[in-house]
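Notes follow once the structure below has been shown.
What you see below is based on every heavy atom in this structure, not just the backbone, and it leaves out hydrogens, waters and symmetry mates. Keep in mind it's a predicted model, so treat the numbers as computed, not measured.
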Amino acid sequence: MKDDKRKILWADDEIDLLRAHHRFLGDKGYVVTPVSNGKDAIALIAQEPFDIVLLDEMMPGLDGLSTLEQIKMIDPNVPVVMITKNEEEHLMNEAIGRRIDDYLTKPVNPSQIFMACKKILDSRQIRQSQAG
């Protein structure tokens with residue numbers, strides 16, 4: 001049987017505080033791979049495909065936008081949801097300009113994350129099935 005669980009890569013320097021979110025997504029049929037920094041996220045994207053990336057904008061070392069840039073160089077088609085505490089419009093515009101698919105402001109609750117992932121992945125699946 002084909003394993004059709006959707007794979008989420010979640011990069012956040014406070015990843016340990018998000019365990020409840022991971023469990024919630026796991027219960028919804030997603031496989032969450034948590035990493036605590038951008039470098040690990042980039043390394044994983046280079047090794048295996050993910051269906052979607054959740055990316056914290058403020059991380060020590062490589063920040064979210066720099067991580068995003070490198071992820072898109074490796075896999076230009078992977079959808080990315082940027083998660084941030086920062087509500088500044090210029091930052092949102094910059095992130096959207098760099099091809100993020102959605103934008104969530106912290107604090108996020110598990111169902112917000114789930115709905116963002118579902119919306120993006122379902123719309124892609126529908127487009128692919130219409131194209132096929």
Cluster link [X] to [Y], ILVMFWY, side chain under 4.5 Å:
{"X": "I8", "Y": "F24", "result": "yes"}
{"X": "I71", "Y": "Y103", "result": "yes"}
{"X": "V31", "Y": "W10", "result": "no"}
{"X": "L65", "Y": "I83", "result": "no"}

Residues, nucleotides or ligands: over 12 heavy atoms within 6.0 Å of [X] [atom1]:
{"X": "K72", "atom1": "NZ", "result": "yes"}
{"X": "K7", "atom1": "NZ", "result": "yes"}
{"X": "M73", "atom1": "CE", "result": "yes"}

Taking all heavy atoms of [X] and all of [Y], pick out the closest pair and write down the distance.
{"X": "L55", "Y": "M59", "value": "CD1-CE, 3.9 Å"}
{"X": "I126", "Y": "S129", "value": "O-OG, 3.0 Å"}
{"X": "L104", "Y": "A116", "value": "CD1-CB, 4.1 Å"}
{"X": "I120", "Y": "S123", "value": "O-OG, 3.0 Å"}
{"X": "H22", "Y": "P34", "value": "CE1-CB, 3.5 Å"}
{"X": "N37", "Y": "A11", "value": "O-CB, 4.2 Å"}

Could you walk me through whether D101 and K119 pass salt bridge (charged side-chain N to carboxylate O under 4.0 Å, His left out), step by step? CA-CA 10 Å; D101 295 81; K119 181 176 73 177; over 6 Å; no

Taking atom [atom1] of [X] and atom [atom2] of [Y], what is their separation to the nearest 0.5 Å?
{"X": "I45", "Y": "F50", "atom1": "CD1", "atom2": "CZ", "result": "6.0 Å"}
{"X": "Q70", "Y": "K39", "atom1": "CD", "atom2": "NZ", "result": "8.0 Å"}
{"X": "Q112", "Y": "C117", "atom1": "CD", "atom2": "SG", "result": "11.5 Å"}
{"X": "M58", "Y": "K106", "atom1": "CE", "atom2": "NZ", "result": "9.5 Å"}
{"X": "I52", "Y": "L9", "atom1": "CD1", "atom2": "CG", "result": "10.5 Å"}
{"X": "L18", "Y": "S36", "atom1": "CG", "atom2": "OG", "result": "11.5 Å"}

Do you know which of I113, I100, L54, V108 makes side chain to side chain contact (heavy atoms under 4.5 Å, CB included) with V81?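 It is L54, the one option of I113, I100, L54, V108 that forms the side chain to side chain contact (heavy atoms under 4.5 Å, CB included) with V81.
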
Taking the side chain as every heavy atom from C-beta outward, state whether L62 and I42 have any pair of such atoms under 4.5 Å apart.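 Yes; the side chains approach each other to less than 4.5 Å.
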
